[in-house]
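Encoded as structure tokens, the structure appears first; notes follow it.
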Amino acid sequence: MNITSILDYIDNGHMALPEFQRGYVWGREQVRGLFQSLYRGHPVGSLLVWATSASTAAHRGDGKLAPGVVKLLLDGQQRITSLYGVIRGEPPKFFDGNPKSFTELRFNLATEEFEFYQPIKMRDDPLWIDVTQLMKSGNAGVGTFINNLNSVPEHTARLGEYVGRLNQLLGIRDKHFHIEEVTGSDKTLDVVVDIFNRVNSGGTKLSKGDLALAKICADWPEARDTMKASLVRWREAGYDFTLDWLLRSVNTVLTGEAKFLYLHDRSADEISDALARAVRHTDTALNMIAGRLGLDHNRVLFARFAVPVMVRFLEMRGGRLNERTRDKLLFWYVQSGMWGRFSASTESVIDKDLGILEQSGGNLEKLIDELRLSQGGLRVEPGHFHSWSVGSRFYPVLYMLTRMTEARDWGTGLPLKRELLGKMSSLEVHHIFPRAQLYKADYSRSEVNALGNFCFLTKDTNLVISDRRPEAYFEEIEAAHPGALRSQWVPEDRQLWKLSHFREFLEARKELLAEAANTCLRSLLHDDVDVLEAAASARVSDRVLLGGIANEDEARALEELNTWVESQGYAKGEIAWDLVDERTGEQKAVLDLVWPDGIQTELSEPVAVLLGEGPELLAMANEAGFRCFTSLDSAKAYVSRLENADHATAAE
């Protein structure tokens, strides 16, 4: 079937995308490469479709299916979507991705190369042909381009050659794809998904969550969009979640299980009702976490896979908790985050905790006992604040202490509350001892960026303090706002405020932070503090955590890179990614910014951006399968040449 006919099939509802397919993941380089191959007559593969009844076909998007048999694309979505986007000038009805990946494609009549529009290079140059404009106008449009070329005398000598190339470019519409069909009454959704995964063994395979969602959408086509609406709302509130994550909570509400297979035989009405309850309980859990603990945005929301367990508990209690029960649930949540309970074997750990809830009739003490047994204790010790960087598990704890105890800003003396107005009142990490001074004194990166050297201040106060030494600015703060230093757990011994006593300052502040953490944990237990006091201290490691985002400047640079990569039509990465021992759940390192499934989701290798890290961490990340980049420029260069990048895993 030629390309024009395939696109017509999509327009008239005879060809569509099955609901279980993921969204469009190609970037501009793949689109450019596809058109280059088609123009030169190179093979571009065949298509695989599932021929099934339109009356039962669960398909993506809001396009209407034609009656009778419909062809659902199993293999070829990226190519056909790219062709549709460029030739039609708009995405197909089933599109879910970044349309910038195929807009503004240009073709150079002199070099016969495809590139995306660059104003300085291409503006007012008739040799650069707008591919979409030519495809939409067809043969009639060739004349327009010829007239444009004729207006420039230097091009007239090669006019015949250029006309041939215009027709060759237009001829892409007539190229043929061989189409193989999967058909027959025995081809159930399970069988077809298995075929899809086999065909896509080197590409985008379906997760268990994808398969569950495919089965749900077969009966309830609006399910995916309904779930995405909640994800968008949470993202606007500062929390970034995935469909799999939300579906996990739907599962726990409806079945009390973590494994997605338990959803397969549930009706559309049951799923719809469970989704509404899961969203409501998730809102409640996030409001509790933000309102009581102060963990009010994505970067400080640890233990996110504890939330589906919290959602199940809320479901068992009818969505309403009294103050004591709410706080005990939050105690369990904080403990889960501090010890990384859900960092490894996530599904099996959730399943275990759900089983404890079911068997005990929703007894939180049983959940807490499980944590105590697995960790060896629950009390926080100074050594737990030994780690460094904003990726440490105790970084959210420091933020939580700041918010729960209403630690005071050193510039205004006011409690650091979420409600502070103005962009200069946003909270920032402040290095108590300035980085420049510490590096000059030969302190290591992990010491300079130790949690004990962090506090949170308003942006305005951070700028005013700048890089002054504590021995200079602490006295001013104490005079202007008595007690403000103590509210941020600064040791009162003035000798420790000197640069020469920095290590002693860290040790003393770790003592104060541990005491504050246990006080906050006790407040969540009300008068039932035996849960904490009778338990031993949690295990302490004196190993310096490898890797980490050193400061807000580095965090902003990584976020800007992440945004830039996403703007190029690729996947969004994960900042401060936890590299753990899969057996024990122990945090081995923090990787600054990663794409665990590749910048092109499951079409390219896993990537890690590691700024300022040493060879030990690079070796560890490489061993875990990541291709590593140690600068923003090298990461951007990789994205720019992604089509031709090799698959070496050595750090660049």
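Start at 1 with the first residue, then count along the sequence.
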Just by distance, do the side chain of His281 and the backbone of Ala278 share a donor-acceptor pair under 3.5 Å?
no
For this session: Give a yes or no answer on whether the side chain of Ser336 reaches the backbone of Ala306 with a donor-acceptor pair at less than 3.5 Å.
Result: no
Quiz item: Aromatic ring centroids of His430 and Phe454 under 6.0 Å?
Solution: no
Review point. Can any side-chain N or O of Arg304 pair as donor or acceptor with the backbone N or O of Asp240 at less than 3.5 Å?
Key: yes
With no hydrogens and no angle check, do the side chains of Asn453 and Arg435 hold a donor and an acceptor under 3.5 Å apart?
no
| task | Decide if the gap between the ring center of Tyr395 and the ring center of Phe456 is smaller than 6.0 angstrom. | result | yes
ask   = Is the centre of the Phe626 ring less than 6.0 Å from the centre of the Trp577 ring?
value = yes
Exactly one candidate in Leu524, Asp528, Leu321 meets side chain to side chain contact (heavy atoms under 4.5 Å, CB included) with Lys328; the answer is Asp528
* State, without any angle test, whether Ser101 and Asn98 hold a side-chain donor-acceptor pair at a distance under 3.5 Å. => no
_Any donor-acceptor N/O pair, Arg408 side chain to Gly413 backbone, under 3.5 Å_ = yes
Inset, instruction - Could you check if a side-chain atom of Trp595 sits within less than 4.5 angstrom of a side-chain atom of Val565, using non-hydrogen atoms only? - result: yes
Can you check salt bridge (Lys or Arg N to Asp or Glu O under 4.0 Å) on Glu613 and Arg445, steps first, answer last?
-> CA-CA 9 Å; Glu613 307 296 355; Arg445 188 168 185 250; 3.2 Å; yes
request  = Look only at the side chain of Asn562 and the backbone of Gly573, and say whether a donor-acceptor pair between them is shorter than 3.5 Å.
outcome  = yes
- prompt: Is Arg292 salt-bridged to Glu323, cutoff N-O under 4.0 Å?
  reply: no
So, do His481 and Ser487 sit near enough that their side-chain heavy atoms are less than 4.5 Å apart? no
Exercise for the section: May I ask you to check whether Trp339 and Tyr333 place their ring centers less than 6.0 Å from one another? Expected result: no
